[in-house]
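Below is one structure, written out as structure tokens; comments come after it.
All of these numbers come straight from a predicted model, not from anything done at the bench.
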Amino acid sequence: MSENLEEVQNNPAFGLLGEQNIEVNTDELTISSYNIGKSFYSLAKIQYDKADFIQAEQNFKEALSRAQKPRDIYSLFKIYGFLIRISSEQLDMNKATQYIEACEQLLEESQVYLGSLNSEYFYNAGVVKTYKGEFETARENLLISLKKSKEENEPEIQAKTLLSLATNALSLGNHDNALDYLHQLNQLLRIINKSYLSGSMYFYTAKTYSEMGENNKALNYLVKANQFLQEKKCWNLQGYILGLKGTIYKRLGDFERAMIYFKLASETTDPNAFKRLSSLVQQEIEDVNDSNVDIYLDKSNRKVIEKDIGAIDFKHRFVLLEILFLLAQNPGVYYDKEELAQSIWKDEYNPLIHDKLIYTSVSRLRKLIEPKEKNGSKRKYIIRGKDGYTFNPQVKIRFHADEKLGQNGHQIANIDLNAPV
């Protein structure tokens with residue numbers, strides 16, 4: 001999410017060309033280069049919010065060409081940030097890499113230009129490290145930024161840093177920390193008028209709850225994010241909200257509703273501007289349309305979706321889930337009792353302990369995932385033989401340990417469109 005035009009024009013952090021006026025004579029009109037650059041930037045921001053990335057990129061480049069160092073250091077970080085997000089969405093690795101390298105160079109120059117390293121410097125340092133996938137180093141810089149922003153009384157930097165810390169925690173798989181930072185941000189946004197961050201906060205809260213398997217909470221926050229988009233007339237996240245809703249309903253086993261949201265995301269998205277989103281949605285549509293899939297396995301959220309039974313919650317069945325994934329990832333391979341004892345319970349096999357434990361656990365697993373056929377028999381996912389147990393190689397499995405939509409996996413620059421710049 002981003003500031004509206006008035007916020008951009010009045011933002012003191014936007015110091016493009018500082019106070020220097022370079023006059024351009026156009027008949028009787030004198031226009032400063034500062035105002036030209038500022039106008040290009042403001043126009044690009046509006047186009048970015050309206051998802052017109054082609055024109056936004058051109059105007060960001062125009063603003064970039066009019067910036068000067070050292071006085072426009074932080075403005076340059078902002079412009080490069082938008083260009084990196086657009087390149088990531090368009091799956092243009094070469095452009096994104098060039099812009100990231102420019103940010104790295106700018107970071108080095110900042111240490112020379114700046115008299116002291118303030119909260120905004122460390123915020124940008126954290127964002128640049130995020131682009132490179134160096135999440136631990138990014139977190140260290142962001143924590144320094146958070147501390148300094150409080151000392152310097154910079155609430156906007158503090159708010160952006162809290163949101164970046166939340167996304168960083170998501171990248172590191174720490175959902176509790178992500179929710180904590182989002183809660184702090186929510187409290188701060190009740191005090192300061194930086195509403196452009198609210199939509200991002202709601203969306204990332206939804207993503208966090210989605211990854212935690214708390215799907216109803218995730219859907220509620222997506223409603224809030226969508227309401228914010230409508231109020232701010234900001235449409236660059238519309239497709240991602242629809243796509244994430246589809247992913248959640250798919251995980252719940254409601255494939256019909258999931259398909260509705262995936263198709264809406266596809267039909268309302270310009271494939272030339274949203275290449276990454278279009279690719280992800282198409283994968284999800286093909287996934288749902290694959291009627292031959294018997295069972296979906298989602299280890300990260302401890303969910304299994306059997307095509308007749310529906311969603312099966314394994315949240316409190318950790319051992320059964322481990323057995324299922326061990327067998328399903330190696331269909332046709334038999335695991336004897338010794339191997340199961342070592343792989344699942346990390347113990348040396350002891351028949352007095354493990355024989356009944358293994359038999360009971362596999363029986364419970366079968367009751368959960370194997371539906372009865374019309375003739376009263378059960379579909380056999382897990383087969384028992386003289387050499388142990390195996391997963392039926394005739395069964396068609398789909399793994400969802402790595403969700404496509406709503407997470408950062410395989411993303412250029414490790415950044416979302418709605419991440420603050």
Inset, instruction - Kindly determine whether Y48 and F82 satisfy ring-ring contact (aromatic ring centres under 6.0 Å, His included), including the steps that lead there. - result: CA-CA 8 Å; Y48 182 86; F82 283 114; 4.9 Å; yes

Inset, instruction - Apply the test side chain to side chain donor-acceptor pair (under 3.5 Å) to residues Q227 and Y202: give CA-CA distance (whole Å), side-chain angles for both, the deciding distance (0.1 Å), then the verdict. - result: CA-CA 10 Å; Q227 290 172 343; Y202 292 140; over 6 Å; no

Inset, instruction - Would you sort out whether D416 and Y204 count as a side chain to side chain donor-acceptor pair (under 3.5 Å), showing the intermediate values? - result: CA-CA 10 Å; D416 285 324; Y204 278 120; 2.9 Å; yes

Inset, instruction - Check step by step if side chain to side chain contact (heavy atoms under 4.5 Å, CB included) holds for F53 and F274. - result: CA-CA 9 Å; F53 296 146; F274 289 86; 3.3 Å; yes

Legend entry - Y359 vs R364, side chain to side chain donor-acceptor pair (under 3.5 Å): CA-CA, chis, key distance, verdict: CA-CA 9 Å; Y359 176 78; R364 288 175 58 204; over 6 Å; no

Inset, instruction - May I have the step-by-step check of side chain to side chain contact (heavy atoms under 4.5 Å, CB included) for N414 and S171, ending in yes or no? - result: CA-CA 9 Å; N414 306 294; S171 297; 5.9 Å; no

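Other residues, nucleotides and ligands place more than 12 heavy atoms under 6.0 Å from the NZ atom of K50. The 12-atom threshold is exceeded at CD of E151, counting heavy atoms of other residues, nucleotides or ligands nearer than 6.0 Å. The environment of K263 atom NZ is sparse: at most 12 non-hydrogen atoms of other residues, nucleotides or ligands sit within 6.0 angstrom. Under a cut-off of 6.0 angstrom, the local environment of CD in E348 is sparse, with at most 12 non-hydrogen atoms contributed by other residues, nucleotides or ligands.
Residues E152 and S119 have side chains that bring a donor and an acceptor to within less than 3.5 angstrom of each other. Q47 and N59 are linked by a side-chain donor-acceptor pair at a separation below 3.5 angstrom, with hydrogens and angles left out of the test. Of the N and O atoms on the side chains of Q282 and S266, not one donor lies less than 3.5 Å from an acceptor on the other residue. No side-chain donor from either of E120 and N124 sits under 3.5 Å from a side-chain acceptor of the other. Checked by atom type, the side-chain pair E109/Q105 shows a donor-acceptor distance below 3.5 Å. When only modelled atom types and interatomic distance are considered, Y381 and E306 share a side-chain donor-acceptor pair under 3.5 Å. Looking only at atom types and distance, the side chain of Y74 has a donor-acceptor partner in the side chain of N118 under 3.5 Å away.
Partners of E101 according to the salt bridge (charged side-chain N to carboxylate O under 4.0 Å, His left out) rule, which considers only residues two or more places apart in sequence or in another chain, do not exist here. Remark: E267 engages no residue in a salt bridge (charged side-chain N to carboxylate O under 4.0 Å, His left out) (not counting sequence neighbours).
The backbone N or O of A218 lies less than 3.5 Å from no partner atom in the side chain of S210, so there is not a single donor-acceptor pair. A side-chain donor-acceptor contact under 3.5 Å links D270 to the backbone of N272. Under the 3.5 Å distance criterion, the side-chain polar atoms of N141 are left unmatched by any main-chain donor or acceptor of A125. Remark: the backbone N or O of Q68 is paired with a side-chain donor or acceptor of D72 at under 3.5 angstrom. Remark: the backbone N or O of L357 is paired with a side-chain donor or acceptor of S361 at under 3.5 angstrom. Side chain of R366 to main chain of I382: a donor-acceptor pair is present (N/O by atom type, distance under 3.5 Å, no hydrogens or angles). In this structure, the side chain of D254 engages the main chain of R257 through a donor-acceptor pair within 3.5 Å. Checked by atom type and distance alone, the side chain of S149 pairs as donor or acceptor with a backbone atom of L146 at under 3.5 Å.
A salt bridge links K307 with D294: at least one charged nitrogen is closer than 4.0 Å to a carboxylate oxygen. We find that E57 and K95 are joined by a salt bridge, their nearest charged nitrogen and carboxylate oxygen being less than 4.0 Å apart. The pair K299-E322 counts as a salt bridge, with a side-chain nitrogen and a carboxylate oxygen less than 4.0 angstrom apart. No salt bridge links K232 with D49; every basic N to acidic carboxylate O contact stays at or beyond 4.0 Å. Salt bridge R85/E89: absent, no basic N to carboxylate O contact under 4.0 Å.
The OG atom of S278 lies 11.0 Å from the CD atom of Q90; values are rounded to the nearest 0.5 Å. Atom CG of L64 is separated from atom CZ of R66 by 10.5 Å, given to the nearest 0.5 angstrom. Here the straight-line distance linking atom CE of M93 with atom OG of S88 works out to 8.5 Å at 0.5 Å rounding. Note that CG of L182 and OG1 of T205 are 4.0 Å apart. Values are rounded to the nearest 0.5 Å. Taken to the nearest 0.5 Å, the CG atom of L326 stands 6.5 Å off from the CG atom of L340. Summarising the geometry, atom CG belonging to L321 is positioned 6.0 Å from atom CZ belonging to F314; distances are rounded to the nearest 0.5 Å.
Listed here is the closest heavy atom pair of S200 and N418: OG-O, 2.6 Å. Of all heavy-atom pairs spanning F77 and C103, the tightest one is CE2-O, 3.8 Å. Across all their heavy atoms, P393 and P331 have their closest contact at CA-CB, 3.9 Å. Of all heavy-atom pairs spanning A328 and I397, the tightest one is O-CD1, 3.5 Å. The shortest heavy-atom contact between A56 and I86 is CB-CD1, 4.2 Å. Listed here is the closest heavy atom pair of Y113 and P70: CG-CB, 3.3 Å.
Y261 has its side chain out of reach of T247: every pair of non-hydrogen atoms, C-beta onward, lies at least 4.5 Å apart.
Ring orientation note: the planes of F399 and F325 are tilted relative to one another, at an angle of 30° to 60°. Between W345 and H354, the two ring planes are tilted [angle within 30° to 60°].
Under the salt bridge (charged side-chain N to carboxylate O under 4.0 Å, His left out) rule, K129 has a single partner from E140, E134, E136, which is E134.
A distance of 6.0 Å or more separates the ring centres of Y389 and Y334. Taking the six-membered ring for Trp, F255 and Y249 have ring centres at least 6.0 Å apart.
Cation-pi geometry between K224 and Y221 is met: the NZ or CZ atom falls under 6.0 Å from the ring centre, inside 45° of the normal.
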Please report, to 0.1 Å, the donor-acceptor pairs under 3.5 Å made by any side chain of residues 158-166, with sequence neighbours excluded.
residue	atom	partner	partner atom	Å
K160	NZ	V421	O	3.0
T161	OG1	S145	OG	3.0
T161	OG1	I157	O	2.7
S164	OG	K160	O	3.2

